[in-house]
**Student:** 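Below: one structure in structure tokens.
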Number of protein chains: 2
Amino acid sequence: MSSRKTGRIDALADALARRGVLHLREAAALLGVSEMTVRRDVGAHPERFTYLGGHIVSADDVAGGYELDREADSHAGAKLAACRHALRLIAPDDTIFIDCGSTLVHLAQQIPADLPLTAICYSLNVANCLAAKPNVRMILLGGIYHPASATFSSGEWLEPLGRLGINKAFISAGGVDVQRGASCSHFHEVPIKQKAIAGAIESHLVVDVSKFGLVKPAFFAKLSDFRSILTEEGARAAPVDA
Amino acid sequence: MSSRKTGRIDALADALARRGVLHLREAAALLGVSEMTVRRDVGAHPERFTYLGGHIVSADDVAGGYELDREADSHAGAKLAACRHALRLIAPDDTIFIDCGSTLVHLAQQIPADLPLTAICYSLNVANCLAAKPNVRMILLGGIYHPASATFSSGEWLEPLGRLGINKAFISAGGVDVQRGASCSHFHEVPIKQKAIAGAIESHLVVDVSKFGLVKPAFFAKLSDFRSILTEEGARAAPVDA
DNA sequence: CGAAAAATGTTAGAATAATCACATTCCGGG
DNA sequence: CCCGGAATGTGATTATTCTAACATTTTTCG
């Protein structure tokens with residue numbers, strides 16, 4: 001049905017990857033077809049393109065945030081606020097570790113474009129944010145991809161993490177319990193988080209207050225492992241002892 | 001001058017982080033101001049927001065992304081055609097290696113959603129494509145990110161690659177020379193490509209014909225290392241000897 | 001080849017958004 | 001309390017985009 005059509009769609013996607021936005025007119029000229037046809041093409045592929053008032057944008061650009069979970073946006077405001085506290089802790093030329101989770105995606109997004117950093121991560125979403133920052137030197141811990149959390153389990157690749165000099169580690173959690181500490185949903189994340197915390201000069205727990213009192217299957221740290229706990233309500237010193 | 005104003009800007013950013021896109025009308029209602037004011041606010045902060053035909057999106061969403069090379073789409077059609085040949089070689093439950101470069105991004109995109117595979121890659125762009133395929137088990141070789149090519153240089157993480165059982169490796173090149181073999185622009189890619197080729201049962205070079213006769217700084221393989229060379233003009237057996 | 005179907009192009013009128021000039025409100029300092 | 005300037009709102013005007021119906025071309029297949 002559509003060898004010509006498929007080619008167009010693909011050319012569009014490529015152009016978008018390069019330019020970010022494409023006006024209907026430009027797209028039509030680029031593809032050598034009428035604007036009407038471009039409109040129809042774009043409309044036929046809502047999963048790849050988003051069409052906004054005459055402009056074409058790659059669909060995942062506007063994906064409504066990264067929504068790892070349905071709850072990803074339920075506390076977006078709180079998460080954003082918590083990240084602002086984290087941002088204030090970052091100094092130029094720091095080497096930071098950014099954990100996974102929607103909370104820290106916000107942190108990665110908000111890193112100023114002109115702040116020089118080395119950032120270590122193991123989440124595809126975080127990596128995509130960091131890749132867009134020209135002054136961030138990114139190190140991604142690879143391995144087997146886990147779709148549920150958009151992270152990689154490092155396995156054999158984990159060991160070199162211990163040799164990286166981490167200045168500040170920003171860690172998130174699915175649950176925070178004063179007695180038992182911080183927990184998350186995915187077991188493969190545990191060794192990575194622990195290694196990052198162990199190797200960092202200072203670690204900070206970044207969560208929104210809705211996580212307090214929750215418990216997830218995998219505990220990975222005591223609250224006393226953190227120098228501070230950053231929430232939308234402000235930064236507080238972590239309890240000195242579990 | 002603007003404590004009220006700053007608050008609005010922040011509220012807008014929050015809403016955007018949550019919703020992805022915001023229509024002028026919604027934004028005005030949300031902030032409790034007139035559409036004109038929202039228009040002015042957004043226009044005053046081009047570094048945070050992009051305004052497209054009545055819709056507001058976060059600026060870094062539309063950041064203009066990857067651009068591996070200026071030539072990325074100049075041969076999009078050819079690259080796509082070359083990938084179709086590659087696709088035909090892939091069987092269910094294969095373990096494949098996908099090299100970097102815009103050509104192979106097309107390959108990753110075109111993997112059918114219902115084809116179960118294990119795929120190894122080291123390019124952020126390819127990884128993003130593979131992450132969208134529910135039946136692909138992805139392994140990403142991490143390391144230091146190289147923005148110019150959107151790839152990772154594996155360094156210490158490279159060694160485990162040798163222990164992965166690769167069924168078919170699909171390799172791209174920036175230049176193909178009958179005498180001297182295949183070359184690429186970035187030196188850090190050389191050991192990865194070589195290790196993949198060495199570890200794979202069969203390797204295939206996927207390029208468009210515009211690459212023939214070109215020479216890039218880093219040679220990484222002889223043409224006889226490949227079982228076949230796949231171009232938009234079809235698959236041909238690789239020369240038996242350099 | 002020839003008919004049917006799909007894809008593309010064209011047009012005009014309706015809907016929507018952008019711009020501008022000016023009216024109004026809000027706020028801090030005499 | 002009043003004044004001046006900044007911020008905001010309003011409405012008319014102009015420009016742009018959207019929609020849908022229909023004309024034309026291209027492809028498919030008997």
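Computed from a prediction, not measured in an experiment: that's the story for all the values here. Quick note: numbers below take in every heavy atom, side chains included, and nothing from hydrogens, waters or symmetry partners. Sequence lines set the chain letters: A, B, ... in the order given, protein chains first and strands last, and positions in each chain run from 1.
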**Student:** Counting primed atoms plus P, OP1 and OP2 as sugar-phosphate and everything else as base, spell out the protein contacts along nucleotides 15-22 of chain D at 4.0 Å heavy-atom distance: B, S or - for each nucleotide, 5' to 3'.
**Tutor:** --SBBB--

**Student:** Side chain to side chain donor-acceptor pair (under 3.5 Å) with Asn167(B): which of Thr118(B), Asp93(B), Thr95(B), Asp94(B)?
**Tutor:** Asp94(B)

**Student:** Hydrogens and angles aside, do Asp208(A) and Ser210(A) bring a side-chain donor and acceptor to less than 3.5 Å of each other?
**Tutor:** yes

**Student:** Please determine if a side-chain N or O atom of Thr37(A) lies less than 4.0 Å away from the OP1 or OP2 oxygen of dG9(C).
**Tutor:** yes

**Student:** In Å and rounded to the nearest 0.5 Å, what is the CZ to NE2 distance from Phe220(B) to His186(B)?
**Tutor:** 12.0 Å

**Student:** Scan side-chain atoms only and decide if His204(B) and Ser228(B) contain a donor-acceptor pair under the 3.5 Å cut-off.
**Tutor:** yes

**Student:** Looking at residues at least two apart in the chain, or sitting in another chain, which of them share a side-chain hydrogen bond (donor to acceptor under 3.5 Å, both in side chains) with Thr37(B)?
**Tutor:** Ser34(B)

